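Below, each value reflects all heavy atoms present in this structure, side chains not excepted, and no hydrogens, waters or symmetry copies. For clarity, every value in this text was computed on a predicted model and none was experimentally measured. Chain letters run A, B, ... following the sequence lines, proteins first and then strands; every chain starts at 1.
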4 protein chains.
Amino acid sequence: MVYKRSDRTEERKDEKRKLIFETAAQIFAENGYHQTSVKDITEKAGISVGTFYLYFKNKEDLFEKLYDETAQMSSDISKYAIYEKKSETVAERFSRAVTASFWTFQKYKDLARIMLIEAVGLNPQFEKKYAELMQRSYKEMEIVLTELKKKGLVDIPDAKVAAVAFEGSCMTYITYWLRTDDKSDLNAHAYSLIIFILQALKVNFKDEDVKRYIKDILEELENKKDRFMKFR
Amino acid sequence: MVYKRSDRTEERKDEKRKLIFETAAQIFAENGYHQTSVKDITEKAGISVGTFYLYFKNKEDLFEKLYDETAQMSSDISKYAIYEKKSETVAERFSRAVTASFWTFQKYKDLARIMLIEAVGLNPQFEKKYAELMQRSYKEMEIVLTELKKKGLVDIPDAKVAAVAFEGSCMTYITYWLRTDDKSDLNAHAYSLIIFILQALKVNFKDEDVKRYIKDILEELENKKDRFMKFR
Amino acid sequence: MVYKRSDRTEERKDEKRKLIFETAAQIFAENGYHQTSVKDITEKAGISVGTFYLYFKNKEDLFEKLYDETAQMSSDISKYAIYEKKSETVAERFSRAVTASFWTFQKYKDLARIMLIEAVGLNPQFEKKYAELMQRSYKEMEIVLTELKKKGLVDIPDAKVAAVAFEGSCMTYITYWLRTDDKSDLNAHAYSLIIFILQALKVNFKDEDVKRYIKDILEELENKKDRFMKFR
Amino acid sequence: MVYKRSDRTEERKDEKRKLIFETAAQIFAENGYHQTSVKDITEKAGISVGTFYLYFKNKEDLFEKLYDETAQMSSDISKYAIYEKKSETVAERFSRAVTASFWTFQKYKDLARIMLIEAVGLNPQFEKKYAELMQRSYKEMEIVLTELKKKGLVDIPDAKVAAVAFEGSCMTYITYWLRTDDKSDLNAHAYSLIIFILQALKVNFKDEDVKRYIKDILEELENKKDRFMKFR
DNA sequence: CATGAATGAGTCTTCATTCAT
DNA sequence: CATGAATGAAGACTCATTCAT
């Protein structure tokens, strides 16, 4: 009996946290971090300011948690795309990875803005965190590329440069795509970008294979949606 | 007599404007736009708040002017690199363009941060301006790539996607480079990135040519420094 | 439980609003609108600046509300004096009206200053509002005088001119009276002014009646004080 | 020779002073004292701020001088109207005085605003000066009325009250008139107001005489314009 | 005499955060 | 747990006045 109540309480707590999370994500995406006041969030969420501070240490803490969770989610999806199914070719591996990014940010447009725009010049403290995350992501890619280079599966003069350029072209294009085109035609956009990247890395691939890889991973992700969606 | 005085006065005004500009650039770069108060700028510049408002309408106006002038300068240098010397090969053209970007942002590290980081999520009004500038830059590149594709000099499925990915990989890498490595070894970094891009576009090139292109444009820019450096 | 708290809270809010109102009225009266800073008001009221902006949009908003409420109160009292008791003679009607003005501004000396002095040349926006209120008041008096002129109860060449001159002599004298004499001897002052006006309008009257009219309305107003006093 | 130059210099000084005076009068009238900056005045006058402070101690000093000179001019005209020609009747005396006020403020609409609107709630120091001037003016009128009352030429219970009410009705009406009607039909307006006042004071008069008095003094003033117009 | 760039105290206003209820 | 009134530090901006040229 006691347990039950506690559980329900826990549940409620989680619900409110989620509510704040999602509301904040939306407002941050609409107006930007600095143009969003705590009151804006609480009013839209239908709670009091006091309650806000019951769930988050402060405004920055909320943003950080939002960022972390988004990053985690994005990373999870990415990991799934790359590791869940042993890719048969390098082209498949990268096709799945890039397409997964498209899918993620399309599904969570608000969060894309938070990850790729708001987080960028927030403040020196957060900057560091952001930079570290980027570093880590570049590093991971660098390791992969170094490995593949050794095996002769990619041909690039510098794995680090290629890693950053890879991620940069991806993120920049997705940002651009979300800003203009209304998330339509994901397939076509992903395809063109993947070709750009595969060519850049001098990976062997066949066009029709790439198209199939994209189709496959998109289907998989749609089916396993619930597994990744922590909120919203 | 009156003329002389007026001239000297005008000169001093220009100098002060420059002083504010450079001071602001530095502090914005260090602490970020929102973490920088007008007082921070004036104190570091050794002037009074009143004087600040004599030269700029407000803080945002200063930032916008800083951004515009940086963008202009960057664009000038880029144009020089591409058009001043009729490039003999596509590889030369892109090598010169990319290297010029490296050179510019290395010379004006503060401003690079302002252009590439601070400007990103500033506020809805500026956001629009920033987006438009990006659009324009992508569009220009798209036109170039479309042309070259017709001539069979590049091989990409979609000129627009390639254009954005090109610029994205460039800017992301330069940002990364400036954040970590202290602008050393520009040559090596530029080289690797150029290869990445030339491969992505399937442009024909020879390694040693690329290296020469880089060396040449860097030399030219160093010689013509004064022509581009509006401030600092 | 929630209700009670909410009620008490509402009550306290009203009290605080009143507190700011009254404090502001006093300081505006003492030092003038432009010489009064928001800090002056909050310090004297013993609240923080933030609290001020919780109750009023800004300094001008406070002034405007103060003005409006004062105008309303003054108008209410005036209406009471004129319409509550069907006056038997024109002399009685005007005696009651003029005396009511004296009584009002004597009771709310601070607000009199705000209505008659501070509001005058405040700023173009408020100027318009002020002018409109005056216009309306003149217009009302003009209608009354036109009516009475038709009935042969007043004798004046131009009802509009008489209306403005009537109000002007009243307000000017009350202002003068408040500035010098410390609100003593209201009866005598009101009497002399009423005679001036009744003569100007060529209204028939008997001295002793006028004296009685004044006495009566003053008594009535003192008894019904609570009905009119919105604050202070 | 030295004299001549000095004279010319003096003349120039006076001219510039006048220029500032007139420009200020106009801007104060348009936008109000507090909404007018020293820069506004100097820019419109085509001089530098420095020059402004060469001729006036500060902004308030300018206003005060403007006020004083206006008051002096108004007083001069008033005195001329009353004393230059020995009035044959009380009605003539007051007709001339009131009409002169109309004429003055019509001629100097800017200054009317400064005298009657801007001066009112300026600041505690000026307030005192303004009050004193009013007192003096009321006092003078009171003396006149007391005299006439003794002689049985006016019939009022209290000379002081009548004096203030007299001035108040006059000034209020002129203010109203200037605000609405574009100074047209001075004759008709003056006539109605004079009747109001003469009736209030129970002065004997004939309508056609009053009309003649008005006509006469207006003619005289137009002819002697140059004698009174210190500026503008 | 004239200039106008420079000054900086003074104001308004916002908003993240706290805490009594 | 929830509330939202209260806080006050912090920041943007203005403008009367000065003074070196």
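- Atom P of nucleotide dG11(F) and atom CD of E43(B) are separated by 11 Å, given to the nearest angstrom.
- One atom, CZ of F63(B), and another, P of dA12(F), lie 14 Å apart when rounded to the nearest Å.
- Mapped onto DNA chain F by nearest heavy atom, K16(C) and F52(B) fall at different nucleotides, with K16(C) at the one closer to the 5' end.
- Looking at K44(D), its side chain never comes within 3.5 Å of a backbone N or O of A24(D) through a donor-acceptor pair.
- The gap from the C1' atom of dT21(F) to that of dC1(E) amounts to 13 Å, rounded to the nearest Å.
- Checking dT3(F), dT13(E), dT17(E) against the side-chain heavy atoms of N58(A) singles out dT17(E) as nearest.
- Mapped onto DNA chain F by nearest heavy atom, G50(C) and G50(B) fall at different nucleotides, with G50(C) at the one closer to the 5' end.
- One finds a side-chain N or O of S48(C) lying less than 4.0 angstrom from the OP1 or OP2 phosphate oxygen of dT7(F).
- Whole-Å rounding puts the E15(C) CD to dA6(F) P distance at 11 Å.
- For F21(C) and Y55(C), the ring centers sit 6.0 Å or farther from each other.
- With sequence neighbours left out, the side-chain hydrogen bond (donor to acceptor under 3.5 Å, both in side chains) criterion links E43(B) to no other residue.
- The T51(D) side chain lies nearest to dA2(E) when the options are dT17(F), dA2(E), dA6(F).
- Rounded to whole Å, atom C1' of dA16(E) lies 12 Å from atom CG of D40(A).
- Every residue was checked against the salt bridge (Lys or Arg N to Asp or Glu O under 4.0 Å) condition with K39(C), not counting sequence neighbours, and none meets it.
- In this structure, F56(C) atom CZ and dC12(E) atom P are separated by 15 Å, rounded to whole Å.
- Every residue two or more places apart in sequence or in another chain that forms a salt bridge (Lys or Arg N to Asp or Glu O under 4.0 Å) with E127(D) is listed here: R113(C), R179(C).
- With sequence neighbours left out, K129(A) forms a salt bridge (Lys or Arg N to Asp or Glu O under 4.0 Å) with E64(A), D68(A).
- Within the 4.0 Å cut-off from OP1 or OP2 of dT7(F), not a single side-chain nitrogen or oxygen of Y53(C) is found.
- If you measure from atom CD1 of I20(C) to atom C1' of dA5(F), you get 12 Å, rounded to the nearest angstrom.
- If you check dA6(E), dA2(E), dA2(F) against the side chain of Y55(D), the one that comes closest is dA2(E).
- When the side-chain hydrogen bond (donor to acceptor under 3.5 Å, both in side chains) test is applied to K65(A), the partners found at least two apart in sequence or on another chain are D61(A).
- In this entry the distance linking CG of D61(C) with C1' of dT13(E) reads 13 Å, nearest Å.
- Rounded to whole angstrom, the span from the NZ atom of K39(B) across to the C1' atom of dC13(F) amounts to 13 Å.
- Here the nucleotide nearest the side chain of S37(A), chosen from dA16(E), dT7(F), dT3(F), is dA16(E).
- Nearest nucleotide to the side chain of V49(C), out of dC12(E), dA9(F), dT17(F): dA9(F).
- In this view, A112(A) and F105(A), L178(A) satisfy the side-chain contact (heavy atoms from CB on, under 4.5 Å) rule, not counting sequence neighbours.
- Picking from dA2(E), dA2(F), dC13(F) the nucleotide with the shortest atom distance to the side chain of K59(B) gives dC13(F).
- Checked against salt bridge (Lys or Arg N to Asp or Glu O under 4.0 Å), D40(A) has no partners two or more places apart in sequence or in another chain.
- The minimum heavy-atom distance linking L19(A) with A45(A) is given by the pair CD2-O, 3.4 Å.
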- [ ] Kindly indicate, with the supporting measurements, whether the criterion salt bridge (Lys or Arg N to Asp or Glu O under 4.0 Å) is fulfilled by E22(C) and K16(C).
- [x] CA-CA 10 Å; E22(C) 287 166 21; K16(C) 197 150 278 180; over 6 Å; no

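- Annotation: of the two residues near DNA chain E, L54(B) and V38(A), the 5′-most nearest-nucleotide partner is L54(B).
- Taking a 4.0 Å limit (strictly below) on heavy-atom distances, residues 117-128 of chain D does not reach DNA chain F anywhere.
- For Q35(D), there are no side-chain hydrogen bond (donor to acceptor under 3.5 Å, both in side chains) partners at least two apart in sequence or on another chain.
- With sequence neighbours left out, T51(A) forms a side-chain hydrogen bond (donor to acceptor under 3.5 Å, both in side chains) with S48(A).
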- [ ] Any chance you could encode DNA chain E as dot-bracket? Rule is Watson-Crick or G-U wobble with both distances under 3.5 Å; [ ] for pairs crossing earlier ones, | for another strand.
- [x] .||||||||||||||||||||

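- Of the residues in residues 27-34 of chain D, none lies under 4.0 Å from DNA chain E by heavy-atom distance.
- Listed candidates were dT7(F), dT17(E), dT3(E). Nearest to the side chain of I47(C) is dT7(F).
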